[in-house]
Each structure stands twice: as C-alpha cells, then as structure tokens.
Amino acid sequence: MARRIAVASQKGGVGKTTTVASIGVALAELGQRVLLVDLDPQACLTFSMGIDPEDLPASVHEVISGVRSASDVIVSTVEGVDLLPSTIALAQSESTLVGKSNAVFTLQRALVMIDDDYDIVLLDCPPTLGILTVNALTAAHEVLVPLQCETLAHRGVGQVVETVAEVKRVSNPDLIVLGFLPTMFDGRTTHAQVVLADIGTRYDMPVLTPPIPRSVRFAEAPALGRTVLSTSPQLRGAEVYRAHARQLVARSID
Ligand SMILES: Nc1ncnc2c1ncn2[C@@H]1O[C@H](COP(=O)(O)OP(=O)(O)OP(=O)(O)O)[C@@H](O)[C@H]1O
Ligand SMILES: [Mg+2]
C-alpha cells in the first residue's frame, strides 16, 4: 500500500514544492515508485517537473471533481517520478468541494484507487489552510512542515500546527507528524542556528536534521524543468535531500 506524505504550511515560499520534488526524485533514485501530487492551482510543482499545464487535457482538478480517475491524469517525468499535475482550474476545486458532504475525504478516495501502483505519494499543498490542504492532510499517513530558517520563521507556524491537530481530531486520527524540515539554512550565520534552536523549543514537534542548505541552484533548477538532484547532483543540498529520503525509507521499514 502506498505511503502518502503531505508537505504543508500556509506560509508561502518556505520550500514545500522544492521539498516534494527533491525528496521525490531522491526516493526514485532509491528504487521507490514515487507519485508527486500538485495541489497548488499555481502549478509550480508541475512546471518544476518540466510539464506545461497548458499542454495537459486534465489535471488533479478533474480528479477532485470526480470526472476522471487519477490513473487517467497521471503523467511521467524525466526524473523517474510520476506526477498528478495541477492547472489553474484547480482554483475552482475549493468552491466545488465546499458544501459537498464528506468533502475532506475526496482526495483520499481518489488516491486509494492507485495504492498498488506506488510506494510513496508526496502531496504538495498550496500556501493556504483551505479545503485542498485539509484534503491532503486527511489523505496522508504522515505530514512534514518545511520551515525557512529566518527571523520570525515561527510566526504563523502555530496555524499549520493547529490545522494538523484539528485534522487528527476530525478526519484523520492516525496522521503521523514527521516534524519540521528546516529549509534555506545558512550555516555560516549564527542567526539561522538560533532560529533552528528556537523552533525546537516552541512546539511539541520534532525538528528533522540535517537542515536543507540555502543554494541558488535550487532557484535555478525549476526553470530547466528539473530538480537539483539531476542539475547539480553533487550539491550539498541534493545530498541532504537524499539523506532525508533514506531516513523516510528507513522509517517505513522500522
Ligand atoms: N534550499 C534552498 N535554497 C535556496 N532557494 C531555495 C531553496 N529551496 C527553495 N528555494 C527557492 O525558494 C523559492 C520558494 O520555494 P518553493 O516554491 O519550494 O516554496 P513553497 O513553500 O512551495 O512556495 P509556495 O508557498 O508559493 O507554494 C523558490 O524560488 C525556490 O526555488
Ligand atoms: Mg509551492
């Protein structure tokens, strides 16, 4: 059965999409069958994996709307992972879902159908705590919260922590919180280290190590439709994402 992991935070630009793409490709390097799900109407993950949403006949929006099955819409990518892509049409899903009974289980129902096709499914959430993110957290077995190592990184983090707690109470009691994943870490500054130590004490949630180093290579790769795993395979950031992929696989064997 596929293990579904949501990468969520309503804070924008903290590295959710980069984490889904990079850990996904690192997991594929380890021989895992990986599906990435783009749940952001901006479709950044879809573009980042080298796919133009304009060229696609359908997206995760049609899956959520119930007019297509996930397996009809999934595409393969050059880096060895499959993708359930997004398009701007997904913006309508919020209103499609609101008011439907059991709306929070919509994505879970669609993904259960492809359970046998993948070892790991990574869900890239939009920077909101709306019905799409709640669907992802309900469909997920585990959740990871990326956190940028900068001043006031903790501001607003309480909201995503509270949403996760609410989902556990209401729709997904078995959801496992893997923890915070520190991103864009500049180890040369004591400041980044202070932020990291501070987060560890504020919330009752593990902080995963090692932190993802900051590198301009991460910002360059999406324009090439690739991840740093293939554009800069020796980059320390690529190695660190590989380390997290190995930790995830080790966790599943435990
Ligand atoms: N480790 C890193 N070092 C430097 N830049 C990074 C790193 N990780 C991500 N970035 C860049 O930071 C920007 C935001 O990253 P990303 O899109 O992954 O965040 P996000 O949380 O998905 O954003 P959004 O909330 O808008 O969906 C992107 O331009 C990305 O290339
Ligand atoms: Mg994103």
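Atoms within a ligand are numbered from 1 in the order they appear, just like the ligands themselves.
- Looking from atom 17 (O) of ligand 1 to the surrounding protein, the closest heavy atom is T17 CB, 4.0 Å.
- Residue contacts with ligand 1 for T19 are absent, since no atom lies close enough (heavy atoms, distance under 4.0 Å).
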Extract all donor-acceptor atom pairs below 3.5 Å that involve side chains of residues 99-108 and protein atoms in other chains or at least two apart in sequence.
residue: T106; atom: OG1; partner: A103; partner atom: O; Å: 2.7
residue: Q108; atom: NE2; partner: T138; partner atom: O; Å: 3.4

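- Residue C125 has no N or O atom closer than 3.5 Å to an N or O atom of ligand 1.
- Between G13 and ligand 1, at least one N/O pair is under 3.5 Å apart.
- Residue contacts with ligand 1: I212 is placed with no nitrogen or oxygen under 3.5 Å of a nitrogen or oxygen of the ligand (distance criterion only).
- Contact annotation: for P126 versus ligand 1, there are no heavy atoms closer than 4.0 Å.
- Considering K16, R217, K11 only, the shortest heavy-atom separation from atom 20 (P) of ligand 1 involves K16.
- Side chain of N172 to main chain of A140: a donor-acceptor pair is present (N/O by atom type, distance under 3.5 Å, no hydrogens or angles).
- What sits closest to atom 6 (C) of ligand 1 on the protein, heavy atoms only, is F218 CB, 3.6 Å.
- Among pairs with a residue in residues 40-49, those fulfilling side-chain hydrogen bond (donor to acceptor under 3.5 Å, both in side chains) read D38-T46, at least two apart in sequence or across chains.
- Hydrophobic clustering of Ile, Leu, Val, Met, Phe, Trp and Tyr side chains at less than 4.5 Å, counting indirect connections, unites V34 with V228.
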